[in-house]
Protein chains: 2
Amino acid sequence: MSLQRRRLASCEDLTVPALRRLQGLAPLTDSDREAIRRVGSYRDSLPAGAELQQEGSCGGARIMASGFACRQRVLPDGRRQIFDFLIAGDLIGVAADQPLARTAIAALTPVDTLPAALLRECAADAQRFPGLCAAVARCAHEEQTRLLDHVVRLGRQTGYERTAHLLLELGDRLAAAGLGDRRRFPMPLTQEALADALGLSVVHVNRILQQLRRERLIELRSGEAVLLEREFLMEIADYRPRPSAAA
Amino acid sequence: MSLQRRRLASCEDLTVPALRRLQGLAPLTDSDREAIRRVGSYRDSLPAGAELQQEGSCGGARIMASGFACRQRVLPDGRRQIFDFLIAGDLIGVAADQPLARTAIAALTPVDTLPAALLRECAADAQRFPGLCAAVARCAHEEQTRLLDHVVRLGRQTGYERTAHLLLELGDRLAAAGLGDRRRFPMPLTQEALADALGLSVVHVNRILQQLRRERLIELRSGEAVLLEREFLMEIADYRPRPSAAA
DNA sequence: CGGGGGTTTGACGAACGTCAATCGGGGTGG
DNA sequence: CCACCCCGATTGACGTTCGTCAAACCCCCG
């Protein structure tokens with residue numbers, strides 16, 4: 001495995017996105033926060049393309065600290081379908097019983113994860129870590145909600161609508177993780193990754209992006225996306241942010 | 001609501017499909033079986049088109065006794081996406097916490113359901129009803145697994161492959177519920193329902209079915225489907241039955 | 001004998017995929 | 001510093017899949 005584990009200097013705290021994310025899902029107590037902070041002493045770095053988890057087997061619990069990954073399935077003839085993207089603050093293998101949690105996971109960019117075996121224990125102890133438990137449940141919740149949206153996108157929207165919808169969703173999620181805001185956020189995904197998520201070909205995704213640019217609805221360059229006309233995009237895509245609760 | 005509740009004559013036992021189905025999911029004890037049988041004293045009959053549940057709100061717990069229903073979402077412009085079909089023996093609103101369980105449910109044919117509030121309580125009491133609990137969990141499990149398969153179908157398979165895949169899945173499920181076998185089973189779904197599940201237009205579904213018929217891979221008439229070349233269809237659709245466990 | 005919902009068919013156009021070539025930028029070795 | 005290279009982005013040409021419109025058909029049922 002091309003995995004690199006490093007002890008962290010205390011200055012670079014990779015638990016920040018996770019804290020921010022989980023706090024957005026449920027109110028956290030001090031002990032909740034402390035439990036999350038404790039997992040931040042090591043990180044595992046993986047290169048783009050690495051497989052974080054195989055389908056079926058559920059690896060150890062982890063927190064995404066940086067980079068982009070995806071849940072995916074690869075067909076025998078090489079076709080790939082991406083179920084969902086994973087970004088900083090997302091939990092892996094904490095609510096490990098459901099099928100969605102057992103999909104294969106692959107790194108789309110270089111990825112840092114924090115091994116979080118502790119979290120799994122804490123998440124089973126609702127007495128001492130009420131906020132953490134709620135947040136973990138809500139995270140699985142949101143994943144499933146996104147999967148439902150994904151089905152509608154793939155089944156009943158055009159490529160143009162799908163693309164707009166996905167960009168809006170990514171913007172909201174990244175903003176919730178503290179990476180940029182809903183209008184402007186990091187977008188290091190290749191058009192191939194987008195295509196495999198949207199059920200389109202790379203060439204067609206490229207043309208759709210060109211069109212969105214020509215129409216001055218988005219900008220997309222050097223790893224950053226700008227949604228110039230966010231409101232209009234929301235209409236096009238029939239995008240309605242799902243309530244994420246908490247405060 | 002166009003709901004009709006009737007007391008049942010003891011001769012027509014509508015719990016049979018549920019018993020058969022749940023037994024296939026987990027070994028049942030006598031008390032498990034008894035709990036299931038007890039819900040069978042009333043049935044609610046709904047006509048095709050009726051809404052069993054609205055999106056978001058999770059109605060009372062029920063067991064599908066007969067007929068076909070579906071989980072669905074309708075877009076503001078009228079487009080509809082079907083997430084999953086519900087058949088005899090399927091549980092509704094028992095594992096009510098996950099988003100998938102809170103989708104809208106509509107009857108596609110006349111449907112009988114058994115009000116099963118009792119079941120929800122039993123399913124929370126793992127001491128007295130171990131098999132029931134396991135079966136309920138596994139039912140939710142299978143639903144999510146089917147949703148993942150559905151995403152792959154919609155995103156990465158052609159209409160032809162999708163259709164074959166869905167027919168195979170329906171055959172396996174109906175056989176597990178004791179309705180026909182995997183080669184020959186009831187198929188009262190309209191082509192419009194198939195289209196809304198497969199993300200295709202009615203016309204295109206019709207042409208795909210015509211082709212499958214011309215190629216002598218299936219027969220489909222008067223509410224019954226026959227998979228003439230099941231093995232070959234499985235290859236076409238890259239269909240692999242998911243392990244359903246138990247015995 | 002109508003009527004209505006579902007199915008089937010044809011004609012046409014739009015959405016999307018494939019193939020292939022080119023372009024462009026960042027990294028790397030000389 | 002520069003040439004090279006590689007991966008991803010872009011573009012054009014062309015073919016297929018799939019959607020839409022509209023009409024006909026069929027069957028079941030009242």
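Sequence lines set the chain letters: A, B, ... in the order given, protein chains first and strands last, and positions in each chain run from 1. These numbers were taken from a predicted model, which means no experiment stands behind them.
Considering only side-chain atoms of Arg207(A), the nucleotide from dA11(C), dC18(D), dA13(D) that sits closest is dA13(D). Proximity note for Gln210(B) (side chain, C-beta onward) versus dT8(C), dG19(D), dC18(D): the nearest is dT8(C). When the nucleotides dC21(D), dG12(D), dG17(C) are ranked by their closest atom to the side chain of Val203(B), dC21(D) comes out on top. Of the candidate nucleotides dT18(C), dG17(C), dT8(C), dT8(C) has the atom nearest to the side chain of Gln191(B). Here the side chain of Thr190(A) is nearest to one of dC16(C), dG10(C), dA9(D), namely dA9(D).
Taking the side chain as every heavy atom from C-beta outward, Met234(B) and Arg230(B) approach each other to under 4.5 Å.
Regarding contacts with the backbone of dT10(D), a side-chain N or O of Arg213(A) is found under 4.0 angstrom from either OP1 or OP2. The phosphate of dT7(C) (OP1 or OP2) has no side-chain N or O of Asn206(B) nearer than 4.0 angstrom.
If you check the side chains of Arg162(B) and His165(B), you find no donor sitting under 3.5 Å from an acceptor.
Counting any heavy atom pair closer than 4.0 Å across all strands shown, Gly49(B) reaches no nucleic acid atom. Contact annotation for Leu209(A): no contact, since no heavy-atom pair falls under 4.0 Å across all strands. Counting non-hydrogen atoms under 4.0 angstrom, Gly199(B) reaches the backbone sugars and phosphates but no base. Nucleic acid contact class of Ser222(B) (heavy atoms, under 4.0 Å, all strands): none.
A straight line from CZ of Arg221(B) to P of dC28(D) spans 13 Å, rounded to a whole angstrom. Between the P atom of dT18(C) and the CD atom of Glu192(A) lies a distance of 13 Å, rounded to the nearest Å.
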